[in-house]
Chemist: 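So that we are looking at the same thing, I have put the structure below in structure tokens.
Each chain gets a letter, A, B and so on, in the order the sequences are listed, and its residues count up from 1.
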Protein chains: 2
Amino acid sequence: MEVFINIQRFSTLTNLSSHTIRYYEKIGVLKHIARNSSGHRFFTTKDIEWIEFVKRLKEMGMPLDNIKLYADLREQGESTAEQRKQLLQEHVVILEERIALEALHLKKIKEKILYYENLNG
Amino acid sequence: MEVFINIQRFSTLTNLSSHTIRYYEKIGVLKHIARNSSGHRFFTTKDIEWIEFVKRLKEMGMPLDNIKLYADLREQGESTAEQRKQLLQEHVVILEERIALEALHLKKIKEKILYYENLNG
DNA sequence: TTAACCCTTAGAGTAAACTCTAAGTCAACC
DNA sequence: GGTTGACTTAGAGTTTACTCTAAGGGTTAA
């Protein structure tokens with residue numbers, strides 16, 4: 001009976017390729033990944049929670065550099081909570097602006113589509 | 001009195017570097033740019049209108065490949081209006097989905113920030 | 001015991017979208 | 001008339017985020 005999550009299973013669970021997972025460890029986005037006696041990585045549910053958060057930050061458009069910074073702060077413990085909060089707040093502002101801009105673009109492009117429709121009508 | 005818009009002025013007006021403008025011409029996003037007797041580009045207000053539209057598509061997240069496709073269709077004239085409309089419609093769907101996803105991320109991240117705030121409180 | 005298939009690493013390759021460099025032309029100012 | 005500075009081209013270099021390859025070791029199924 002399989003007790004730990006190997007890279008393949010982690011890949012399936014997170015929907016990231018094993019290449020990407022190793023890459024994330026190499027650049028410091030994933031930290032302290034445990035190894036078994038043969039040097040193979042094994043992952044925990046904590047790792048899954050963290051990577052899900054990383055994926056959220058990525059989908060929000062945060063670059064890996066920033067995510068790595070967040071990971072570094074997280075590693076340093078409770079004392080960095082305020083800094084992490086600020087990082088998130090900064091990105092909230094960026095994202096709010098982006099959503100507003102995208103909504104405007106959407107409006108304009110829909111107007112253009114209406115124009116094309118009037119050509120045909 | 002300056003009658004035409006050279007690359008420097010076009011760069012200022014569009015907020016794109018002259019490198020980027022030449023690059024856009026090279027890949028076919030900008031087409032039929034006029035030249036003077038010494039081979040220097042000069043631009044028209046039509047070019048400015050077009051590049052503003054290109055910038056909108058870019059900010060909507062449309063890749064340059066797709067924008068080039070749109071430019072190709074535009075070059076072919078009125079008969080491609082329907083295809084161009086479809087290209088835009090497809091991107092509207094993508095953008096609407098993205099905005100919805102971003103709004104969800106925003107909500108989740110704000111929850112996380114509240115969590116940090118309760119740590120301090 | 002040997003094949004099949006997992007894992008490991010370092011490092012090379014890829015794609016998108018620029019960004020810059022080198023080498024050269026040309027018009028304008030002092 | 002020489003130098004400055006903007007323009008031209010082809011093509012090399014950069015950044016981000018992967019994605020893949022090569023070379024090799026470990027574990028399990030027939």
Side-chain angles (χ1 to χ4, degrees), chain A residues 1-44 47 50-72 91 94 98, chain B residues 1-44 47 51 53-72 91 94 98:
Chain A
M1 184 189 167
E2 194 79 9
V3 221
F4 53 69
I5 301 167
N6 67 5
I7 199 165
Q8 215 44 238
R9 188 143 160 60
F10 192 68
S11 169
T12 306
L13 291 171
T14 60
N15 210 26
L16 293 171
S17 78
S18 49
H19 293 297
T20 300
I21 295 162
R22 291 193 200 98
Y23 170 69
Y24 281 2
E25 192 187 19
K26 184 153 75 180
I27 65 173
V29 160
L30 277 171
K31 291 180 194 294
H32 310 299
I33 301 303
R35 304 294 180 114
N36 71 10
S37 56
S38 356
H40 294 189
R41 292 169 184 81
F42 65 92
F43 299 86
T44 66
D47 296 323
W50 167 244
I51 211 75
E52 288 305 327
F53 183 61
V54 167
K55 282 168 69 183
R56 185 182 298 288
L57 294 178
K58 263 195 64 57
E59 278 174 25
M60 286 173 68
M62 189 183 281
L64 283 176
D65 263 15
N66 264 256
I67 298 175
K68 190 225 180 289
L69 187 59
Y70 191 99
D72 289 348
H91 209 74
I94 291 170
R98 177 168 336 133
Chain B
M1 184 187 169
E2 193 81 7
V3 221
F4 54 68
I5 301 165
N6 67 4
I7 199 165
Q8 213 44 237
R9 188 142 161 61
F10 192 69
S11 169
T12 306
L13 291 171
T14 60
N15 210 26
L16 293 170
S17 78
S18 49
H19 293 299
T20 300
I21 294 161
R22 291 195 199 95
Y23 170 68
Y24 280 4
E25 192 186 17
K26 183 152 76 181
I27 66 172
V29 160
L30 277 170
K31 290 180 195 292
H32 311 298
I33 300 303
R35 303 294 180 114
N36 70 9
S37 55
S38 355
H40 293 190
R41 291 170 185 82
F42 67 91
F43 299 86
T44 67
D47 296 324
I51 212 74
F53 183 62
V54 167
K55 282 168 69 184
R56 185 182 298 287
L57 295 178
K58 264 195 63 58
E59 279 174 25
M60 285 173 69
M62 189 184 280
L64 283 176
D65 263 15
N66 265 257
I67 298 174
K68 190 226 180 286
L69 187 57
Y70 191 98
D72 290 349
H91 209 73
I94 292 170
R98 176 167 338 133

Chemist: Regarding B:Tyr24, tell me which of base, sugar-phosphate or nothing describes its non-hydrogen contacts under 4.0 Å with the strands shown.
Modeler: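 It contacts sugar-phosphate atoms only.
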
Chemist: In this structure, how many angstroms lie between the C1' atom of C:dC18 and the CD1 atom of B:Ile51, rounded?
Modeler: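 Interatomic distance, CD1 of B:Ile51 to C1' of C:dC18: 14 Å.
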
Chemist: Assign B:Lys26 to base, sugar-phosphate, or nothing according to its heavy-atom contacts below 4.0 angstrom with the strands shown.
Modeler: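 B:Lys26: base contact, heavy atoms under 4.0 Å.
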
Chemist: Holding to salt bridge (charged side-chain N to carboxylate O under 4.0 Å, His left out), I want the full list of residues that pass it with A:Arg98, two or more places apart in sequence or in another chain.
Modeler: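 Salt bridge (charged side-chain N to carboxylate O under 4.0 Å, His left out) list for A:Arg98, sorted by chain: B:Glu102.
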
Chemist: Starting from C1' on C:dT8, measure out to NE2 on A:His19 and report it in whole angstrom.
Modeler: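 Those two atoms, NE2 and C1', are 12 Å apart.
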
Chemist: Side-chain contact test, heavy atoms from C-beta onward, threshold under 4.5 Å: evaluate it for A:Ile21 versus A:Phe43 and give yes or no.
Modeler: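 Yes, at least one pair of side-chain atoms sits under 4.5 Å.
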
Chemist: Less than 4.5 Å apart, any side-chain heavy atom of A:Lys58 and any of A:Ile67?
Modeler: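 Yes - at least one pair of side-chain heavy atoms lies under 4.5 Å apart.
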
Chemist: Under 4.0 Å, heavy atom to any atom of DNA chain C: which of residues 27-41 of chain B qualify?
Modeler: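 Under 4.0 Å from DNA chain C: no residue of residues 27-41 of chain B.
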
Chemist: Classify the ring geometry between A:Trp50 and A:Tyr70 as parallel (under 30°), tilted (30 to 60°) or perpendicular (over 60°).
Modeler: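 Because their plane-to-plane angle is under 30°, the rings of A:Trp50 and A:Tyr70 count as parallel.
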
Chemist: At under 4.0 Å between heavy atoms, what does A:Lys68 touch on the DNA or RNA strands: base, sugar-phosphate, or nothing?
Modeler: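 Nothing, no nucleic acid heavy atom in range.
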
Chemist: Whole angstroms only, please: what is the CZ-P distance between A:Arg22 and C:dC6?
Modeler: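 To the nearest whole Å, that distance equals 12 Å.
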
Chemist: Could you state the CD1-P distance from B:Ile21 to C:dA17, rounded to the nearest angstrom?
Modeler: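 The answer, rounded to whole Å, is 17 Å.
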
Chemist: Check step by step if side chain to side chain contact (heavy atoms under 4.5 Å, CB included) holds for A:Arg22 and A:Ile7.
Modeler: CA-CA 9 Å; A:Arg22 291 193 200 98; A:Ile7 199 165; 3.7 Å; yes

Chemist: For A:Tyr24 and A:Leu64, what are the C-alpha separation, side-chain angles and deciding distance, and is it a side chain to side chain contact (heavy atoms under 4.5 Å, CB included)?
Modeler: CA-CA 9 Å; A:Tyr24 281 2; A:Leu64 283 176; 3.8 Å; yes

Chemist: Tell me which donor-acceptor pairs under 3.5 Å the side chains of residues 26-33 of chain A have, and how far apart each pair is, sequence neighbours excluded?
Modeler:
residue	atom	partner	partner atom	Å
A:Lys31	NZ	A:Gly28	O	3.1
A:Lys31	NZ	A:Asp72	OD1	2.7
A:His32	NE2	A:Glu75	OE2	2.9

Chemist: Report the distance from atom CD of B:Gln8 to atom C1' of C:dA27, rounded to the nearest whole Å.
Modeler: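 It is 16 Å, rounded to the nearest whole Å.
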
Chemist: Just jot down the salt bridge (charged side-chain N to carboxylate O under 4.0 Å, His left out) partners of B:Arg56, sequence neighbours excluded, or say none.
Modeler: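 Checked B:Arg56 against salt bridge (charged side-chain N to carboxylate O under 4.0 Å, His left out); zero matches.
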
Chemist: Tell me every residue that passes salt bridge (charged side-chain N to carboxylate O under 4.0 Å, His left out) with B:Lys55, counting only those two or more places apart in sequence or in another chain.
Modeler: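 Partners of B:Lys55 under the salt bridge (charged side-chain N to carboxylate O under 4.0 Å, His left out) test: B:Glu52.
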
Chemist: If you walk 5' to 3' along DNA chain D, what is the first nucleotide with an atom under 4.0 Å of a heavy atom in chain A, and what is the last?
Modeler: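 Listing 5' to 3', DNA chain D meets chain A from D:dA17 to D:dT27.
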
Chemist: Without decimals, in angstroms, what is the distance between A:Tyr23 OH and C:dT8 P?
Modeler: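 Rounded to whole Å, this separation is 18 Å.
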
